[in-house]
Structures are given as C-alpha cells and as structure tokens.
Peer 1: 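Before I ask anything, here is the structure I am working with.
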Amino acid sequence: MPEKNAHSYCTMIRGMVKHGASAKAYDMYIDLLNERHKADVHTFNALIAAVPYLKERFLERWELAKVFLNHMAQQKVQPNLLTFNALLKTLRRCGGVGRSMSLSVIKEMEALDIEPSLATYNHLLSILYKGVDLHSSGIISEVIDDVGKRSFTPQDPDDVNFFPTAMQACCDLKDIKLAYKLNKALEKGDNWKFLDMDRLNTYWSKFFSLLCMMEQIDVVLKWYKEMSCSLFYPTPKNILDLLQALDAANHLEVIPSVWEDVKQLGFNRRHDVLEELLSLMSRDQHPKEIQVAFASCAEDIKAVHEQSGREQFPLEWTSSTLGHVAVLFSRAGRTQDAWNMMERFQQINRIPTDQVMDEFLNCAKQTNCPDEAIKLVKLAAALGLPSSQRLKSRTEKEFELSEKQRKTLESIESDSDSSDSDSDSDRD
Amino acid sequence: MWSRVRGWGGAAGGSCRLAARLLAGPASGREAAGAARQEGRPGRLCLSSSKIQKLFSTSSVLSTEKVKSTASEDSTTEVASKSQEGTPETPKQKLLDLIGNMKVEVSYRKKLQQLKTREVKNQVTDKLEGTDGEGAVLQRTTEDIKRGKPLNPELVKAVSAVASSLPLNKKQTESELLAQLRRHEETTDKQKKAGVINIRNVISEMAVKRESRARRGVRISNRISVDFDEDGQRIKSERLSRQSSDSRRSLKVGRRLNIFTKASTETEKALQTVSSPTIWDLEFAKEVAAVTAQPPRNGFEEMIQWTKEGILWEYPIDNEAGMEDDAEFHEHIFLEKHLEDFPKQGPIRHFMELVICGLSKNPYLSVKQKIEHIEWFQKYFEEKKEYLQEI
C-alpha cells in the first residue's frame, strides 16, 4: 500500500475477505484501528461475513460479530441492508446461537427502518427451518405474506436462493397451503425474475412432490398436465411420486399415459422407474382393456431390454422385471410373447416365481394352447423346481390333451424322476 | 484417550521409554532420538513371544552383551557428563529428573501400544521381587515371556545393565530401580483410573466449562452433523425450552439487539459523502444486476431487449429520430461560406473544396464538428504559410 489511509485499508480488507484471506483481513482491521482510522460500512460488512472463518465455536463467532457491530456503532457508521444480511449469513453457521439471535436481528432491522430483502428472508428461513428440529410454521407464513405483498428488486446476490429454500421448508413441514401462498408470492410483480432455469426446475419439482404427497389425485393430475414439460421437467423422483399417488388413489389405468411421458423424458432406461411401473401393473388383475394397454407397455419395456439398432447397449433383465413382463403378457392372452419371456429365464440364470408359472398356465388354458403348457412343465422340470409336480398335475387336469401330448407329459415325469432325488422325496 | 494423557503426563508410565531414558541420558536431544529408536523396538518385539523366547534363550548372552554395549557407550557419556556435573546422582535421582522432563508428544497408536505393554508389564512387575541376581532375574523373565509378555525382560535387562555399569551396589540399585518402576506403574494405574472417573463425572454433569472435551469427541465421531450437534447436549435442552415458546414466536414479537440507533435525517445526508465507487462496488453492482437478468420469456420481451440495445428501431418509426441538432439541412450541406478565409485559387482551394464535398455528405458529424474540421485546416495552413510562400 503506497499510502496508509482509511480508504486503502478498507479496500484491502474488502479484497482480502472477497478472496478468502480472512485472517489477514482481520489483522489489517486491527492495524486500521491502531492507526485511529475509521472503516466504512462496506468494510464492516466484509468483516462480519468473514467471521465464520475466523472462529470455530458458535458463541465465539457471535461474540466477534457483536464486537464488529459495536465498533460500527462507536465509529458512527450506519449499517445498511447488506450488514444485516452478512450478519444473518454468519448466524447461519452458528447453530443454536444463531437460532436464538436471528429474530432479534430482524427486529433491529425493523427499528432502523431497513427493508429486508429476499436474501434476509432466505437466511432467516435457513436458520430456522433447516435441520432436524423444525419450528412451527408461524414465522414462515409471516415471511411468505410479507414477500407476497411487494415486488422485490435485487439487492444481494443471495436473493435468488429464497424461493427454493422456502419451497424446501414447505416440503419439510408438509404444508401445501403455504406452498400455494408461495406460488402466489412468486407471481407478484418482478419476483419471478429471481428464479433462473435450474432453480425454477428444482422449485417446481419439489412443489410437485409435495402435491403428490398431500393432495387428491385429480388435483395432482391437473397440475401434472399443466406443468409437465411446460413449466418444469419432471425428475425420476417426481415420476415415482406420481406413481405412488396413483397407486394410493387406485387409479392405475393412467399408467400407460405416464409411460408415454416417461419415454419422452428419457427415463425409460432407469431401473427404479421400470421396476416400479412393472410391479404396479402386474400386481393385480385388471379389466380387459387395461390389461391390453399394460401389455403394450410391457412390450415397450421389453424392447428396451433387447438389442436396439442404436448405440445404446441393452438393459439387463432382472428376475422381477422378467417375471412381471411375463405375467402381463399372460394376462393379456399373448401366449407366444409370454413363452418368449419364460425362455429368457434360463438365459439370465434365474428362476420364475410360482405366480408367474401359474399365470402362464392360466393364459395357456384360456387360449387353448396345450403345447405351451407342456413346454412350461418341461421348463419347470429342467430347472428342477419343486412346483413342477403341481404344474404337471394341473396340466393333466385342466387341459384336453391328445394322446401324443399325454405321452410327452408322462415322459417329462420320468425324466424328472430319474434326475432328481428331491422329487422322489417330495412324492413320498 | 484423555485418561492416557493424564497418566502419561503425571507418572512414569512406559517401560520402554524409561529404558530409553536410562540408557540415553538426561539430554533432551538424545531423548528424542532415543525415544524414536526405542519406540520402534517395542512394536517389533510385540510381534511374537516365541521369537523373543528364541532371542533371549538362545542368544541371551549376545543380547545382553548388545544391550550392555549400548548401555556402556551411553553410560560412558553418562559418566562423562556426571563427572562434568560433579555431583554423583543416584539412579533414582536421575530417573526422577528424567521423568520430570518427559514430554507428552506420543502419537495415538504408540500410546495404545504402550498402554497394552504397560498393562502387561504391570502384572509382571508385581511378581518380580528384584532381589535376585541377574541370572535369576533373566530366568524369571524368560518364564514370563512364555506367558506372552515380551517387554518386561527388556526393561529388566536394561535395569540390570545399568546397575552393572554403575559403580554402586549392583543388587541394591537393581532392586531400587525395579521398585521405583513398580511404584510408577501403580501411580500410573491409580491416576489412570482416577482420570477416567473424573471424565465420567464431567460428562454426566455436562457443565458449560467442561464442554470442550465432549464437544471434540462428538465432532470427531460425526463430522457430518457438526453444525447441529456441536453444542452437544445443550441443544437438546434449548430445544425443549424453545418448543414451549414456539407458539408465541413471530416476526413482530421479540426484542431487538439494541446496538444501533437510528440516525436522524441530517446526519444521514451528511454521511452520504460522494466517493467514487471502488472496484469492489462496481463488481458488486454487476453481480447484483446479473442476479435477475433472466433470458426473455417470450418474443415481446426479446423485442424490448433488442430495442434497448439499439438493434431494433423504435416503432412507430419516427422520421426525426436521432435528430439532436437544431441545425437545418442547408447548414450541413452548403459549407462554402466557411471557405472565405482561404485563398480563392490554387491547390489549397481545390483541396478545401474536396473537403467540403466530403463533409457535406457526412451524416454522422454535427455542424459544429464540421466547422471545427474546416477551422483546423485553416489553422494548419496558417502555420505552414511561411513554407508555402517559399514554394
């Protein structure tokens, strides 16, 4: 520094804090005091912002911040909005001390006629509503009311984080009415400008999750149709929440349209989404048209797992997905497709569950394909399943078999007799 | 860990360290080196008792000799220093001095090892009476080795080596040394237990002053939730008290900090000194402006932005847009009247007429600027008049 006057000291301190040299900035401030200079409000703001890097313990941080504030008062430097924002930001990293002091800081701002900005509210909500123990929603509803009353101008770079923080707090409190109020506040004046593309997506995504949790299914579907792909892009979590909501409301027939959206969004290769979809579809028996629709979804899913012409490598089948797809095909009466699925079980070294086998047998019965039934029994015997016996007896009873088929069936039995000792013991 | 710190600082503790002290002498520099050397060895010795058995039983003479040789070379310096000092210190005195000078700079793992070895040694020293000769001591220690406590013989041998190297009564010194060690072990254990109990009391009471130890422990154990749990149990009590007053909490209710007073309007105006914005202010202003600079939401906003930038004309088109001059068109175009001061003929006139031609076609300059142009030429030619006359 060529000449050591107040201005140069202040500039140095501000620069040091901006670039992370907090300890040096503090030393420089001590030098400034020793030379009986006065710092300006921006320097104090920088120093208060640097407090978390100067001390470790919460109480010490708060004490140091108070020291700076007292110096400000002594040097007759008036605090501005940014002072209080920096103070609240420091209090965010002061744990319990921060929680008890934050409201006093807000009151101080009020007493000095300083209008809080969105950053102020952001810090306040972060202090009070982040973490394990949540407060009652009194303060947050007041905050949202205040925000909704006027249109804000940007005064602090931290203003942008207000809306995502507030929406996160609403989700944690599971309060949908607060979320509606927050949306209204977003519509006031220029407030929409505070959300850029990424934050917009996270904001609406969280809102949608909250909706799925708390609202009726028709409201959810209405919002979904309005918002999806126009206001925000649903995340996989949103899709899973939506499926859960549909399940809770017993509205599973909407699933084929959800699958279309999933394909459009590009989640059709995600294991979690596929699992959830398939298990929901195959859990219960549904009326005919829905089953047919489900079967076409299953076909799409099957296509994902197959070798596709493009560079994408095919997904691996798991036993549950394979089983579900087989069940869906069976229920829709597509015996050949179902049989294709059954054959794949051996390829992936997995065993189909009993439910799958029974469904397939039902399907074969309905479509009157005794050959398929016999093939199934052969497969069961080859895999050495304990249920092969039961399936064999079922086939004998329920199907009208020709002589040749009956003989084949018998021969399967003899095969399993000779190979398995277990089946002998079962029979005994 | 705290108890170990206590015990270590308080009493004599580690056997191997003591041996190092005995052998290395009171100089602190050698202490460190000796400590490093000796500490390595116990670790290795702890490996297998069978190995040590072999070491001691088969090559016991060798090892004692080795130890003795190191002892002797160390003790010679010891003797030398002793002679320098002039006062014949008893081994006990030396021991006490050394113990007093010991520092607490052992790493955690070594401490753990030492704790283990100390516990082991403790059990063994109780059995040792220490009045027998060296051979008997050795034998007993080999028996102890068979039980799996390897460090003790090292110490005992060291003790015997010291005793033998010193000119005093060998057996007496030996017994005294071992007794002292035993006593140190006892005090270590006592204080260790006492230390543990103290800390348990502290934690159970959890007074404000003693928080640091518990807090550090909590911090080490769960770094992730440091912000929440750092105050440990204090947060829980605070939470309970706060939940009761939750319902009354509001932005309107509450006390203020009372640090600042509101400045009156005159002082406010006085304080608003006009200083040129520093570089930090400019950067901050840019940051803040960038916060709400969202891309246009629709075509209309895009057109607004372009109009502001000047890419788009302002509609409805205004013919007189950009017409700041009050000058009429003829003042722009007919500039001959400014050429009155120039000569009527000659190359200069020709040149100036071309200049006027160009200026009249120039829509970007104002009239004033054009006149200034011409005047500049006039001045220029005036200056060069002398040279031109020569031509």
Side-chain angles (χ1 to χ4, degrees), chain A residues 7 10-11 14-15 18 40 42 46 56-59 66 69-70 72-73 76-79 82 92-97 99-101 103-113 124 128 131-133 135-136 138-139 142-143 146 153-160 190 192-197, chain B residues 208 211-212 215-216 219 225-232 234-243 245-263 267-268 270-273 275-281 283-295 297:
Chain A
H7 179 75
C10 291
T11 320
R14 284 175 75 183
K18 188 172 163 81
D40 66 347
H42 305 289
E56 284 296 323
R57 298 170 57 156
F58 294 155
L59 214 51
K66 269 205 292 195
L69 292 173
N70 284 325
M72 276 179 91
K76 306 239 184 313
V77 177
Q78 276 296 105
L82 297 171
R92 256 172 102 160
R93 299 178 62 170
C94 287
V97 174
R99 276 189 276 274
S100 39
M101 288 296 142
L103 286 179
S104 315
V105 173
I106 302 282
K107 291 298 294 174
E108 186 82 11
M109 280 178 81
E110 240 182 74
L112 292 174
D113 276 341
L124 184 66
L128 295 176
V132 197
D133 194 32
H135 277 225
S136 69
I139 296 182
E142 279 185 42
V143 163
D146 283 340
T153 50
Q155 286 162 301
D156 188 325
D158 279 324
D159 285 344
V160 281
D190 276 342
W192 64 272
K193 289 194 193 165
F194 287 96
L195 282 176
D196 63 349
M197 277 313 294
Chain B
V208 174
E211 232 179 275
S212 58
R215 188 187 285 178
R216 223 193 297 176
R219 195 194 293 177
S225 52
V226 132
D227 274 351
F228 303 109
D229 288 338
E230 174 153 328
D231 277 16
R234 226 169 69 164
I235 277 195
K236 289 195 188 124
S237 55
E238 272 191 37
R239 276 186 215 159
L240 287 169
S241 64
R242 192 163 308 119
Q243 274 167 8
S245 59
D246 243 359
S247 48
R248 284 176 282 135
R249 279 198 128 192
S250 142
L251 278 180
K252 316 295 174 211
V253 174
R255 284 168 302 174
R256 49 173 285 201
L257 289 174
N258 271 322
I259 297 181
F260 298 104
T261 56
K262 196 167 129 183
T267 43
E268 261 183 47
L271 284 168
Q272 275 168 21
T273 48
S275 54
S276 65
T278 65
I279 188 169
W280 308 123
D281 293 329
E283 269 206 59
F284 183 71
K286 267 194 248 169
E287 242 188 284
V288 166
V291 150
T292 48
Q294 302 297 342
R297 287 182 291 182

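All chains are named by letter (A, B, ...) in the order of the sequence lines, taking the proteins before the strands, and each is independently numbered beginning at 1. Everything numeric in this text was worked out from a predicted model, so none of it was measured.
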Peer 1: Output the option from A:Val160, A:Thr11, A:Ile106, A:Leu82 having the highest count of non-hydrogen pairs under 4.5 Å with chain B.
Peer 2: A:Thr11
Peer 1: What closest approach, in Å, do A:Pro157 and B:Val288 show between heavy atoms, and which atom pair accounts for it?
Peer 2: CD-CG2, 4.0 Å
Peer 1: Pick one of side chain, backbone, both or neither for A:Leu69, based on which atoms fall under 4.5 Å of a heavy atom in chain B.
Peer 2: both
Peer 1: Just so I understand: if I count every heavy-atom pair under 4.5 Å between each of A:Asp40, A:Asp113, A:Asp190 and chain B, which residue has the most?
Peer 2: A:Asp113
Peer 1: Answer yes or no: is there a side-chain heavy-atom contact under 4.5 Å between A:Arg14 and B:Thr278?
Peer 2: yes
Peer 1: Checking heavy atoms, do the side chain of A:Glu110, its backbone, both or neither come under 4.5 Å from chain B?
Peer 2: side chain
Peer 1: Is there a side-chain contact between B:Arg297 and A:Trp192, using heavy atoms and a 4.5 Å cut-off?
Peer 2: yes
Peer 1: Would you sort out whether B:Trp280 and A:Lys18 count as a side-chain contact (heavy atoms from CB on, under 4.5 Å), showing the intermediate values?
Peer 2: CA-CA 9 Å; B:Trp280 308 123; A:Lys18 188 172 163 81; 3.6 Å; yes
Peer 1: So which part of A:Asn70 gets closer than 4.5 Å to some heavy atom of chain B, the side chain, the backbone, both or neither?
Peer 2: both
Peer 1: Heavy-atom distance under 4.5 Å between the side chains of B:Gln294 and A:Asp196, does that happen here?
Peer 2: yes
Peer 1: Please look at A:Leu195 and chain B and tell me whether the side chain, the backbone, both or neither of the residue comes under 4.5 angstrom of a heavy atom of that chain.
Peer 2: backbone
